[in-house]
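Just below is one structure, and these are the notes that go with it.
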Protein chains: 2
Amino acid sequence: MNPEEIDTEWVERFPGLSRLEPATKKLLLQRSTVVSMPESTVIFGPGKSPENMLFLLSGTVRVQQVSETGHEIVLYRINAGESCVLTTACLLAYDDYSAEGIAESAVKAAAVPRQVFDDLVAQSPSFRNFVFAAFSKRITDLFLMIDEVAFQRMDVRLAHKLIELSKGGDQISTTHQKLSVELGTAREVISRQLQEFQRRAWVEQSRGTVRILDRAQLEKLAARD
Amino acid sequence: MNPEEIDTEWVERFPGLSRLEPATKKLLLQRSTVVSMPESTVIFGPGKSPENMLFLLSGTVRVQQVSETGHEIVLYRINAGESCVLTTACLLAYDDYSAEGIAESAVKAAAVPRQVFDDLVAQSPSFRNFVFAAFSKRITDLFLMIDEVAFQRMDVRLAHKLIELSKGGDQISTTHQKLSVELGTAREVISRQLQEFQRRAWVEQSRGTVRILDRAQLEKLAARD
DNA sequence: CGCGGCTATGTGACATTGTCACTGTTCGCA
DNA sequence: TGCGAACAGTGACAATGTCACATAGCCGCG
């Protein structure tokens with residue numbers, strides 16, 4: 001909790017919630033607290049179920065999975081304006097699973113107690129709509145991810161990920177190791193693919209960064225699906 | 001709808017619903033209709049959103065995905081006692097996606113109109129609980145599936161799938177092609193793996209069937225994760 | 001400055017899996 | 001009986017994963 005940054009109007013700036021009934025907004029604001037967490041905080045994980053539902057106001061949370069074999073893969077990210085509802089709900093129901101949520105940057109979020117969340121779902125049709133839409137989006141995204149992991153070529157997936165991580169810029173600060181976790185593959189595979197991209201003058205590498213030289217070509221490859 | 005098979009007590013036999021409040025049960029029974037569908041019915045799919053939520057009373061529904069490349073993979077099955085809530089909800093929210101649900105056997109289900117479903121969520125805490133538990137289970141299962149597809153060896157996955165499909169018996173009626181769709185791989189890969197299993201005398205093959213000879217060895221391999 | 005120690009990256013050999021283009025086999029049925 | 005469709009087998013090759021290393025850049029510290 002960060003007193004000087006309390007924002008009693010956060011609901012208005014939350015895309016999915018601004019159209020709620022006034023009474024619902026009031027309840028949300030009254031019964032929630034705004035919390036801040038530094039980068040790298042483990043927000044939830046094995047044996048660490050949160051007791052609150054979070055609504056992300058700023059920052060991003062990376063949700064990833066570590067399998068028994070030590071392999072890791074990034075499942076998805078929760079950005080400002082989205083909620084952890086589903087992941088939180090999952091943890092409440094099945095606390096023996098292996099995904100964890102990590103603050104990828106400093107994070108500010110509204111924490112809503114479980115009971116309040118339940119009341120909101122009961123009271124507000126538009127809040128129900130918001131929650132079910134979030135669940136639905138997540139499930140359909142997971143469907144697409146399964147399809148990609150199972151059937152997509154690595155070069156296409158890497159090109160796609162580079163475009164995504166560049167966020168419009170041309171410089172990406174990351175390592176081959178981190179990229180391999182993003183895609184659920186081995187570091188060596190990333191190294192080889194990046195070398196091939198470099199050979200084609202699509203990217204330029206230096207220790208810890210990848211610079212995009214020919215975005216158009218990368219996008220063309222990424223579109224192959 | 002199948003008049004002679006109407007079962008006004010189905011709610012009682014539904015594991016997740018039998019503990020609902022009496023008023024909720026009554027509402028469910030009054031406002032739903034029991035429908036029957038023959039095997040191979042496409043219950044939902046691209047461009048075919050159902051207007052009702054289904055609660056499966058008997059039979060199973062296979063949910064699979066067809067990607068643009070023509071590859072297929074089975075995502076999960078819905079068995080008697082479970083509901084299509086999530087998949088249906090997904091379709092309502094994002095009707096441009098590619099998963100489809102197919103009756104794997106003759107299916108009997110209770111159809112609940114969307115509006116009634118919404119009312120139930122609003123009214124009944126235990127129905128909410130049921131719905132969120134279903135969503136949560138599905139999402140955690142999808143997490144596990146992503147992990148398996150990304151990191152598990154094919155022989156382990158096939159052994160696992162054979163055990164699962166055998167349902168305790170030793171005879172499985174399926175083709176290499178169907179097994180490849182179950183695991184999201186190519187038919188040739190299944191053929192090779194089954195030949196290896198056969199060489200080790202773990203299974204016996206004939207056209208359209210696989211017979212398990214050494215379940216213990218298959219289970220031992222399947223446990224490798 | 002130079003020297004470890006750490007992290008990041010490169011490399012080659014090999015195993016596994018996916019793809020392609022076939023062939024052969026079995027089954028149902030006209 | 002012959003034909004077509006579905007099912008299964010095969011070999012060559014490409015793509016990806018695994019392993020055991022080697023090499024290179026970075027940083028703090030004496």
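Numbered from 1 within each chain, the chains take letters A, B, ... in sequence-line order.
- Within 6.0 Å of NE2 in A:H176 there are more than 12 heavy atoms belonging to other residues, nucleotides or ligands.
- In this structure, B:Q152 atom CD and C:dG18 atom P are separated by 13 Å, rounded to whole Å.
- In this structure, B:V156 and B:L221 have side chains that are in contact, with non-hydrogen atoms separated by less than 4.5 Å.
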Report, as a single string ordered 5' to 3', how protein heavy atoms within less than 4.0 Å touch nucleotides 9-14 of chain C: B base, S sugar-phosphate only, - not at all.
-> BBB-B-
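- A residue-by-residue look at B:A150 and B:K178 shows that B:K178 has its nearest nucleotide of DNA chain D further toward the 5' end.
- Applying side-chain contact (heavy atoms from CB on, under 4.5 Å) to A:I190 and the options A:T185, A:T174, A:V210 leaves one that passes, A:T185.
- As a whole-Å value, the separation of B:L179 CG from C:dG18 P is 14 Å.
- By the 30° and 60° cut-offs, the orientation of the rings of A:F14 relative to A:F55 is perpendicular.
- Nucleotide C:dC20 holds its C1' atom 14 Å from the CZ atom of A:R153, rounded to whole Å.
- Rounded to an integer number of Å, the gap from B:Q193 CD to C:dG18 P is 9 Å.
- Using a 4.5 Å heavy-atom threshold, the side chains of B:L165 and B:K161 count as touching.
- Between B:D155 atom CG and C:dA15 atom C1' there is a gap of 12 Å when expressed in whole angstrom units.
- As rounded to whole Å, 17 Å separates atom C1' of D:dA8 from atom CD of B:E196.
- The separation between B:H71 atom NE2 and C:dT17 atom P is 16 Å, rounded to whole Å.
- By the salt bridge (charged side-chain N to carboxylate O under 4.0 Å, His left out) test, A:E148 pairs with A:R157, sequence neighbours left out.
- Look at CE on A:M154: it is 17 Å from P on C:dT17, rounded to the nearest Å.
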